[in-house]
Amino acid sequence: MTKPIEITPDIEPLFGTRDENLHLIEALLKVRIDLRSDALYVAGEPDAIERVEQIFADYEGLRRAGVTLQNGELHGMLKLVLADKAVTLRGLVDSGRQRSAGIRRMVQPRSLNQRQYLESIESSDMVFGIGPAGTGKTYLAVAMAVAALAAKKVSRIILVRPAVEAGERLGFLPGTLQEKVDPYLRPLYDALYDLQEPERIDKMLERNVIEVAPLAFMRGRTLNDAFIIMDEAQNTTGEQMKMFLTRLGNNSKAVITGDITQIDLPNARKSGLIEAIEVLKGVQGVRFNYFEQGDVVRHQLVQRIVCAYDNYTRAQRELPLGMDETAPTVTPDANGRRVQTQ
């Protein structure tokens, strides 16, 4: 079956760079899209064609309502729409608006795992986000915290990181204590300033409505009415992780993010994040969300880099024990295929 879909010049951004969004629709819905001067002709099963029509109608409706979607954002949203018949482009934008009330950026998932992560944060008091760099673990958590503060669901935000690069012994660094720890906490500041006007964030930091601190500063505290985020949790020890998790007070929510493939702890020490995954498995009220290479939302090259490192690590595990450096080594080429080199 083939059916024409009338299009307007303003709808062209929906096609994506080099028609990447149209190619995505073709691949996932198993349709063929032919762009002609008068219309877009879609060939495929009737229900698939109907879904294509719905996507175009939603996009046109959003455009008329003044909603502008950036290409990367739109591409991720289309993946969600195409993966679930119950999800629509308009529905995603509406839920993103509700979730983002009071902040200047719409908090919008770009993959199924990101969507499940946001839903877990909304419904659970303690959530773990585990996965590779660039998957939005920290940014989405900070966005949800800022939105919760704007909606008066909590009265403060507390963002922490283990300053493991200096072993949490920061005395040898120049400057005041705040100047010593700020370099390790910079990614958290970056997310805050991206989500709210810098002047407003600065005022909340001055009044301690938003607190950014190294993990060691959490010891002995009880954190009530707060949205608490621990970033880089793979670099905690078991003792530090237990200390942090037991800080949770009344009307508080905790999100713990980390990447277990980038542990900077000394080899003799086990990551508190890995231990927590084992210890808290099955504990009611604790949710674990895992991210994959396909969830990377940074530059496309980042996704390929993550994939290359995963392939390399997998290949190294397959090497015979005791192999010396002069023996052939298995490494992946640019396409991820295993290549034997001297």
Side-chain angles (χ1 to χ4, degrees), residues 1-36 39-123 135-136 139-140 143-144 147 194-195 289 291-292 294-298 300 303:
M1 177 180 176
T2 301
K3 186 174 182 179
I5 299 177
E6 188 176 338
I7 58 174
T8 64
D10 293 331
I11 209 168
E12 287 186 6
L14 176 59
F15 302 165
T17 304
R18 297 177 182 175
D19 295 339
E20 64 175 349
N21 293 338
L22 295 184
H23 297 323
L24 178 69
I25 293 171
E26 285 182 318
L28 297 185
L29 292 184
K30 294 180 173 55
V31 297
R32 188 178 72 255
I33 298 176
D34 184 13
L35 180 59
R36 302 180 191 174
L40 201 72
Y41 288 80
V42 184
E45 295 297 322
D47 61 334
I49 294 175
E50 185 178 341
R51 293 183 67 190
V52 175
E53 288 182 302
Q54 182 67 54
I55 290 171
F56 274 77
D58 279 357
Y59 184 84
E60 178 66 15
L62 291 169
R63 185 191 64 78
R64 289 179 177 174
V67 177
T68 301
L69 300 173
Q70 301 300 323
N71 188 51
E73 180 181 37
L74 177 59
H75 190 74
M77 292 171 69
L78 285 175
K79 287 182 179 179
L80 293 175
V81 171
L82 297 170
D84 187 345
K85 292 182 179 180
V87 176
T88 65
L89 204 56
R90 183 181 289 275
L92 284 176
V93 171
D94 289 343
S95 63
R97 281 172 166 169
Q98 294 173 5
R99 190 178 283 130
S100 313
I103 62 178
R104 66 178 183 178
R105 281 187 179 271
M106 186 165 63
V107 184
Q108 189 60 257
R110 298 192 187 181
S111 70
L112 181 59
N113 287 331
Q114 285 191 355
R115 181 185 172 200
Q116 292 172 343
Y117 180 54
L118 291 178
E119 290 172 351
S120 294
I121 293 174
E122 289 173 330
S123 63
T135 50
Y139 185 88
L140 290 174
M144 292 294 282
D194 191 49
L195 291 159
N289 291 85
F291 296 87
E292 303 167 347
D295 299 307
V296 173
V297 293
R298 292 179 183 166
Q300 290 183 354
Q303 188 168 335

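Since we're looking at a predicted model, the values are computed, not measured. Hydrogens, waters and symmetry mates play no part in the numbers below; they use all other heavy atoms, side chains included.
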Do any pairs count as a side chain to side chain donor-acceptor pair (under 3.5 Å) and have a residue in residues 41-50, sequence neighbours left out, and if so which ones?
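Of all non-adjacent pairs touching residues 41-50, those that pass side chain to side chain donor-acceptor pair (under 3.5 Å) are D38-Y41.
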Looking only at heavy atoms, what is the nearest atom pair of I49 and G44, with distance?
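In terms of heavy atoms, the two residues are closest at CD1-O, 3.5 Å.
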If every non-hydrogen atom of E73 is compared with every non-hydrogen atom of T68, which pair is closest and at what distance?
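Of all heavy-atom pairs spanning E73 and T68, the closest is OE1-O, 4.5 Å.
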Counterpart residues, ring pair (Phe, Tyr, Trp, His ring centres under 6.0 Å), relative to Y59 (two or more places apart):
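By the ring pair (Phe, Tyr, Trp, His ring centres under 6.0 Å) rule, Y59 matches no residue at all.
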How many angstroms lie between atom [atom1] of [X] and atom [atom2] of [Y], to the nearest 0.5 angstrom?
X    : Y    : atom1 : atom2 : answer
E292 : S111 : CD    : OG    : 8.5 Å
I103 : M144 : CD1   : CE    : 9.0 Å
I25  : I55  : CD1   : CD1   : 4.5 Å

Output all residues satisfying side chain to side chain contact (heavy atoms under 4.5 Å, CB included) with T17, sequence neighbours left out; order by chain, then residue number.
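Checked T17 against side chain to side chain contact (heavy atoms under 4.5 Å, CB included); matches are E20, N71.
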For L24, what residues pass the side chain to side chain contact (heavy atoms under 4.5 Å, CB included) criterion, not counting sequence neighbours?
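With neighbours one apart ignored, the set is L28, H75, L78, K79, L82.
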Under 3.5 Å, which donor-acceptor pairs do the side chains of residues 29-36 form with other protein atoms, sequence neighbours left out?
residue, atom, partner, partner atom, Å
D34, OD2, R36, NE, 2.8
D34, OD2, R36, NH2, 3.2

L112 side chain reached by L80 side chain, heavy atoms, under 4.5 Å:
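Of all side-chain heavy-atom pairs linking L112 with L80, at least one is under 4.5 Å.
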Are R115 and V87 side-chain neighbours, meaning at least one heavy-atom pair lies under 4.5 Å?
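SC-SC contact between R115 and V87 confirmed.
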For the pair T135 and D295, evaluate side chain to side chain donor-acceptor pair (under 3.5 Å) and give the outcome as yes or no after the intermediate values.
CA-CA 5 Å; T135 50; D295 299 307; over 6 Å; no
Could you give all pairs that pass the ring-ring contact (aromatic ring centres under 6.0 Å, His included) test and reach residues 78-122, with sequence neighbours left out?
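Qualifying pairs, neighbours excluded: Y117-F291.
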Which atom pairs, one a donor and one an acceptor, fall under 3.5 Å between side chains of residues 88-98 and the rest of the protein, sequence neighbours left out?
residue, atom, partner, partner atom, Å
T88, OG1, G91, N, 2.9
S95, OG, G91, O, 3.2
S95, OG, L92, O, 2.9

Pairs touching residues 52-70 that satisfy salt bridge (charged side-chain N to carboxylate O under 4.0 Å, His left out), sequence neighbours left out
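Passing the test, one end in residues 52-70: K3-E53, D10-R63, E60-R63, E60-R64.
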Do Q114 side-chain atoms and R110 backbone N/O form a donor-acceptor pair below 3.5 Å?
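Yes, Q114 side chain to R110 backbone: donor-acceptor pair under 3.5 Å.
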Pairing residues for R99 by the side chain to side chain donor-acceptor pair (under 3.5 Å) criterion, not counting sequence neighbours
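Scan of R99 (side chain to side chain donor-acceptor pair (under 3.5 Å), adjacent residues dropped) gives E122.
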